[in-house]
Amino acid sequence: MVKWGVLGTAAILDKNTAKAMQAAENCELLAIAGRNPQKVDAFKEKHGFQKAYYRFDELLADPEVQAVYIPLPNAMHAEWTIRALNAGKHVLCEKPLAPSVADAEAMFAAARANGVYLMEAFAYQHSPFIQALCDEIAAGTIGDVLYVEAQLVSSDSDVSDPRMRRETLGGAMYDLGVYPASFVQRIMGEEPQDVHALATFTDQNVDFHTTAYLEYANGARATIVCGMDLVREPWTAIDFFRIYGTKGSIEPVRFAFNAMGPLVYKIRTFDGSLKEKRVVETPNNYQLEIEQLGRCIEQGETPAVSEAFSMSHVRTVERILQAIGY
């Protein structure tokens with residue numbers, strides 16, 4: 001059983017990760033830390049943490065804490081991940097792992113230096129639905145992949161939200177674009193040779209709609225779209241992908257990046273030999289990632305979201321941000 005601490009009282013913890021940690025078979029909710037005592041106490045009571053701290057460094061000094069989950073604003077990821085790693089804690093850091101390649105390199109260097117695990121919290125990457133898509137491609141069902149498109153577009157937020165502010169590294173690409181970008185990375189299995197992108201910016205100088213076109217050395221191409229420009233209705237979103245190969249295509253029927261339950265995709269071959277829907281029963285992805293890192297710690301498994309994957313992804317995201325002038 002891995003004893004976990006959490007830095008921060010973020011909405012994703014409240015809505016998703018805490019419940020997953022409670023359900024995880026190898027997780028013990030030991031401690032939570034935050035800067036608002038009332039909120040920390042409320043989270044401790046609501047989610048069943050055993051201890052509450054009102055300073056992040058106090059939690060990191062707790063010798064009982066083995067692993068730390070970091071759902072802090074993007075601009076705080078690198079600093080507090082490195083502090084946790086240097087304190088000898090394993091770390092699950094929310095996506096995007098780091099705002100730059102240099103920061104990500106420093107974070108993984110700290111993990112290696114301290115002999116602990118660092119994994120980026122891309123919950124959906126643990127989904128058996130995503131694995132099923134990869135298995136179809138590996139089996140050659142649609143031939144060689146020629147083109148992938150993926151998107152995540154949501155409703156916008158008030159400018160007080162950290163996701164909408166420049167100083168907290170908000171914006172569509174950092175908050176949402178990392179989903180389609182990492183999806184494309186998983187399907188393609190390599191970094192693009194060329195990156196082209198454009199974006200529309202808010203008055204706060206963050207992108208609220210970004211489109212990127214990626215070209216690969218083998219001639220394959222991909223498009224990613226992300227935005228915060230739907231009607232202002234909480235949790236409204238468009239999650240979509242399409243994969244074209246030399247022999248056929250794969251498209252979603254029922255899909256969202258972190259959805260649970262029976263997810264469905266349809267697959268067809270251009271010669272008409274195959275046309276069917278396939279159902280993948282999908283559990284809580286957040287629970288899967290907690291349990292997987294727990295097995296890394298206790299049993300020596302390799303992180304499902306590896307250093308190589310995260311570094312390739314952050315390099316591509318950095319190129320997109322450079323292309324849009326962020």
Side-chain angles (χ1 to χ4, degrees), residues 2 4-7 17 26-27 60 65-72 74-127 130-131 134 138 169 173-174 177-193 195 214 216-217 222 224 257-258 285-286 288-322:
V2 177
W4 284 81
V6 177
L7 298 187
T17 321
N26 56 2
C27 171
L60 296 183
V65 173
Q66 297 172 273
V68 174
Y69 171 56
I70 298 180
L72 295 168
N74 297 340
M76 301 173 71
H77 286 183
E79 176 188 357
W80 286 101
T81 292
I82 290 172
R83 288 193 183 197
L85 295 168
N86 287 338
K89 315 299 185 186
H90 306 281
V91 174
L92 178 67
C93 179
E94 264 305 330
K95 57 79 196 164
L97 180 69
S100 70
V101 172
D103 282 331
E105 288 174 341
M107 293 159 79
F108 281 112
R112 290 192 297 273
N114 290 282
V116 289
Y117 290 103
L118 167 61
M119 187 168 77
E120 187 172 14
F122 264 124
Y124 89 91
Q125 287 283 344
H126 297 261
S127 171
I130 301 299
Q131 185 59 52
C134 294
L169 298 179
M173 190 62 219
Y174 270 133
V178 292
Y179 282 96
S182 59
F183 179 88
V184 168
Q185 168 74 21
R186 179 76 177 269
I187 298 301
M188 291 298 196
E190 61 181 296
E191 294 175 46
Q193 186 176 65
V195 173
L214 314 178
Y216 294 81
I224 69 168
F257 279 101
N258 276 314
N285 295 329
Y286 295 94
L288 293 179
E289 74 176 354
I290 292 293
E291 290 178 342
Q292 204 275 320
L293 187 54
R295 292 194 301 273
C296 292
I297 295 167
E298 294 188 313
Q299 301 172 29
E301 278 193 19
T302 299
V305 182
S306 67
E307 176 180 350
F309 181 91
S310 289
M311 288 305 308
S312 291
H313 177 248
V314 74
R315 283 193 290 266
T316 299
V317 170
E318 185 172 78
R319 292 173 70 186
I320 293 170
L321 292 168
Q322 289 172 346

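Only this structure's heavy atoms are used, side chains among them; waters, hydrogens and symmetry mates stay out.
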Under 4.5 Å between any side-chain heavy atoms of [X] and [Y], yes or no?
X      : Y      : answer
Ile224 : Ile320 : yes
Gln292 : His126 : yes
Leu118 : Glu307 : no
Val6   : Pro71  : yes

Separation between [atom1] of [X] and [atom2] of [Y], rounded to the nearest 0.5 Å:
X      : Y      : atom1 : atom2 : answer
Tyr179 : Met173 : OH    : CE    : 12.5 Å
Lys89  : Asn114 : NZ    : CG    : 11.5 Å
Cys134 : Ile187 : SG    : CD1   : 4.5 Å
Tyr216 : Met188 : OH    : CE    : 5.0 Å
His77  : Tyr174 : NE2   : OH    : 11.0 Å
Ile70  : Thr81  : CD1   : OG1   : 3.5 Å

Report the C-alpha separation of Val317 and Val178 in whole Å, then their side-chain angles, then the decisive distance to 0.1 Å, and conclude whether the side-chain contact (heavy atoms from CB on, under 4.5 Å) test is met.
CA-CA 7 Å; Val317 170; Val178 292; 4.2 Å; yes

Test side-chain contact (heavy atoms from CB on, under 4.5 Å) on Tyr286 and Glu289 and set out the steps.
CA-CA 5 Å; Tyr286 295 94; Glu289 74 176 354; 3.8 Å; yes

Looking only at heavy atoms, which two atoms of [X] and [Y] are closest? And how far apart?
X      : Y      : value
Pro303 : Cys296 : N-SG, 3.5 Å
Asn86  : Ala110 : OD1-CB, 4.0 Å
Ile290 : Cys27  : CG2-CB, 3.9 Å
Leu85  : Ala111 : CD1-N, 3.8 Å

Step through it carefully: locate the ring centre of Phe122, locate the ring centre of His313, and say whether they are under 6.0 Å apart.
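Ring centres of His313 and Phe122 closer than 6.0 Å.
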
Does the pair Arg319 and Glu191 meet the rule for a salt bridge (charged side-chain N to carboxylate O under 4.0 Å, His left out), with working shown?
CA-CA 11 Å; Arg319 292 173 70 186; Glu191 294 175 46; 5.2 Å; no

Closer than 3.5 angstrom, by distance alone: can the side chain of [X] be matched with the main-chain N or O of [Y] as a donor-acceptor pair?
X      : Y      : answer
Asp103 : Ala98  : no
Ser127 : Ala123 : no
Tyr117 : Ala67  : no
Asn74  : Leu169 : yes

If we check side-chain contact (heavy atoms from CB on, under 4.5 Å) with Leu97, which of these qualifies: Met119, Met311, Met107?
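Answer to the side-chain contact (heavy atoms from CB on, under 4.5 Å) test with Leu97 among Met119, Met311, Met107: Met107.
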
Please say which of Val68, Val65, Leu92 ends up in a side-chain contact (heavy atoms from CB on, under 4.5 Å) with Trp4.
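Testing each of Val68, Val65, Leu92 against Trp4, the sole residue satisfying side-chain contact (heavy atoms from CB on, under 4.5 Å) is Leu92.
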
Gln125/Ser182 under side-chain contact (heavy atoms from CB on, under 4.5 Å): CA gap, chis, key distance, verdict:
CA-CA 9 Å; Gln125 287 283 344; Ser182 59; 3.8 Å; yes

Flag for [Y]-[X]: side-chain donor and acceptor within less than 3.5 Å:
X      : Y      : value
Ser310 : Glu120 : yes
Glu94  : Tyr69  : yes
Arg186 : Gln131 : yes

